[in-house]
Amino acid sequence: MPDFQEAGLELKTFPIKHLKDKRLVAKERVSLGMIDYGTMATEEWAHSSFLKKNSFLLLLAYLYQKGITDYFDYIFNLAELWRFSEEDLKIMKDDWLKIREKVKAGKAHEISEGDTLYLGAVTKSATGNSRTSQPFNRIPAKPRALCLKQQYMNLVVDKILGLRKLDVENAVKSVESYEKGETFEEFIIRKFKPYFGMSLEKLGTMFAVGSSAKNFAATITRRILGVRKNKIEEFEKAGITTKTIRLDIHGNPEEAISFPRMHFKELALEDWDDSTLREMLAKRFFLVIYQKQKNGTYKLAKVKFWSMPEEVLDDKVRKVWESTKKSIVKGDFSKLVKSSDDMVSHVRPHGRNSKDKDILPNGKRETKRCFWLNRDFIRDSML
DNA sequence: GCATGATCATGC
DNA sequence: GCATGATCATGC
């Protein structure tokens with residue numbers, strides 16, 4: 001039952017914060033109630049406990065300020081009555097079904113927050129180690145809650161503030177754009193199909209985009225979807241990251257995948273669970289895959305949505321991150337993780353050139369670096 | 001052929 | 001002027 005029963009209204013307070021560029025964003029995801037795996041397995045979306053409780057929200061946002069934990073000291077500066085649009089509900093329903101399918105298949109222990117777009121199944125555990133039962137498997141699963149992801153909440157904040165209408169545009173114009181039974185991701189892939197087999201050059205000419213542009217994939221993606229503005233609203237709200245992968249003639253990835261450069265001093269202060277790296281890799285990815293042909297050109301081979309399993313993220317990637325953090329704290333870069341260490345991810349330079357450096361906690365300077373996903377991992381787990 | 005180091009092209 | 005995504009270059 002919602003908080004205000006007769007009004008059918010659920011109260012949600014959540015923190016917002018200012019970025020360095022003054023933009024106001026949600027500080028974190030907004031939780032919408034624990035998942036009961038047993039109940040969810042038997043529910044239908046239209047009559048789900050989730051919808052009953054969360055269809056109509058009173059959103060109250062307060063400014064997060066470090067150190068202020070007393071509710072009476074919170075400064076609330078946004079208040080809004082919120083109903084989800086038909087288009088958003090369609091994606092949320094697909095998310096919900098995806099989570100329910102894992103539960104029904106006895107795979108509640110394999111749920112990842114990155115599997116879904118707007119609604120996430122976020123782990124909720126005081127110690128990090130608690131487990132709960134699931135109906136169709138004896139393997140215990142992490143307790144999870146349904147949440148609105150942070151990126152989704154950012155757009156909500158922008159909408160409340162009246163911003164953002166200018167530079168985002170929906171890829172799906174209305175729910176009628178879907179074919180029957182189709183999910184958002186299937187819709188996107190269907191839109192790409194007519195372009196499979198076309199060369200980079202041809203796509204560049206068709207859409208008047210220089211193929212040497214580093215944001216080529218992102219631009220082509222927008223053009224194929226008929227989005228003229230800078231950003232695809234659904235991709236923004238779902239926090240989807242677009243990445244290009246080039247395959248050689250045999251179908252092996254030609255390069256590792258890079259991420260934004262790390263800030264040494266900031267990383268040294270982070271914990272894994274809310275680290276910048278974990279946040280980046282827990283997202284859903286849209287992969288645009290080109291393959292080299294005998295004549296040397298690259299053809300659009302396929303596109304797919306992908307997310308990293310949490311067990312990989314919180315095991316191997318975490319180890320790489322911990323090891324890197326140690327190197328940074330010690331100020332000794334002689335033992336950075338290499339791709340030959342076979343740990344899913346590795347660390348390599350990523351700056352303007354080798355003189356482009358960042359400062360370490362001990363005051364020393366080192367060439368800027370970033371985390372990369374290994375080619376072997378891309379080949380074995382992403383394609 | 002692969003790992004690793006280095007740097008380019010563009011956008012903001 | 002720098003961040004970012006991507007690709008080039010070199011050496012084993």
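So you know, we letter chains A, B, ... as the sequences are listed, proteins then strands, and number each from 1. What you are looking at is a predicted structure, and each value in this text was computed from that prediction instead of being measured. Atoms considered below: every heavy atom in the structure, side chains included; atoms not considered: hydrogens, waters and symmetry mates.
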Query raised in the report: Over how many whole Å does the gap from A:Glu266 atom CD to C:dA3 atom P extend?
Result: 11 Å

Query - Among B:dA6, C:dA3, C:dA6, the one nearest A:Arg352 by side-chain distance - result: C:dA3

Requested in this report: Name the residue closer to the 5' end of DNA chain C, choosing between A:His263 and A:Ala218 according to the nucleotide with the nearest heavy atom.
Outcome: A:His263

Query - Distance in angstrom units between A:Leu247 CG and B:dC2 P, rounded - result: 13 Å

Report task. Please round to the nearest 0.5 Å and tell me the distance separating atom OG1 of A:Thr219 and atom CG of A:Leu203. Result -> 12.0 Å

Query raised in the report: Is A:Lys90 salt-bridged to A:Asp94, going by a charged N under 4.0 Å from an acidic O?
Result: yes

Restricting to nitrogen or oxygen on both sides, can you table the protein-nucleotides 9-12 of chain C pairs closer than 3.5 Å?
none

Query raised in the report: Which whole-number value in Å describes the distance from A:Asn353 CG to C:dC2 C1'?
Result: 12 Å

Query raised in the report: Once you round it to whole Å, what is the distance between P of C:dT7 and CZ of A:Phe216?
Result: 10 Å

Query raised in the report: Would the A:Tyr118 and A:Phe184 ring centres measure less than 6.0 Å apart?
Result: no

Requested in this report: State the CZ-OG distance between A:Arg138 and A:Ser133, to the nearest 0.5 angstrom.
Outcome: 13.0 Å

Requested in this report: Would you indicate whether A:Lys173, at its atom NZ, is surrounded by more than 12 heavy atoms from other residues, nucleotides or ligands within a distance under 6.0 Å?
Outcome: yes

Query raised in the report: Taking for each residue the nucleotide of DNA chain B with the nearest heavy atom, is it A:Ser339 or A:His250 whose nucleotide lies nearer the 5' end?
Result: A:His250

**Report entry** Rounded distance (Å) that lies between atom P of C:dC2 and atom NE2 of A:His350
**Finding:** 14 Å

Report summary line: Sequence neighbours excluded, the answer for salt bridge (Lys or Arg N to Asp or Glu O under 4.0 Å) partners of A:Glu113 is A:Arg29

Query raised in the report: What is the distance, rounded to the nearest whole Å, between atom CG of A:Asp341 and atom C1' of B:dC2?
Result: 14 Å

Query raised in the report: Looking at C:dA6, does its base get a donor-acceptor pair with the side chain of A:Ser258 below 3.5 Å?
Result: yes

**Report entry** Residue-level proximity of residues 362-375 of chain A to DNA chain C when a heavy atom falls under 4.0 Å
**Finding:** A:Lys368, A:Trp372

Report summary line: So CG of A:Asp248 and NZ of A:Lys292: to nearest 0.5 Å the spacing works out to 8.0 Å

Query raised in the report: Counting any heavy atom closer than 4.0 Å, what does A:Arg261 reach on the DNA or RNA strands: base, sugar-phosphate only, or nothing?
Result: sugar-phosphate

Query raised in the report: Between A:Glu266 and A:Thr276, is any side-chain donor less than 3.5 angstrom from a side-chain acceptor?
Result: no

Report task. Assert yes or no for the condition that the ring centre distance of A:Tyr74 to A:Tyr62 is strictly below 6.0 Å. Result -> yes

Report summary line: In whole angstroms, the gap separating C1' of C:dA3 from CE of A:Met262 amounts to 15 Å

Report summary line: Rounded to whole Å, CD of A:Glu254 lies from P of B:dT4 at a distance of 18 Å

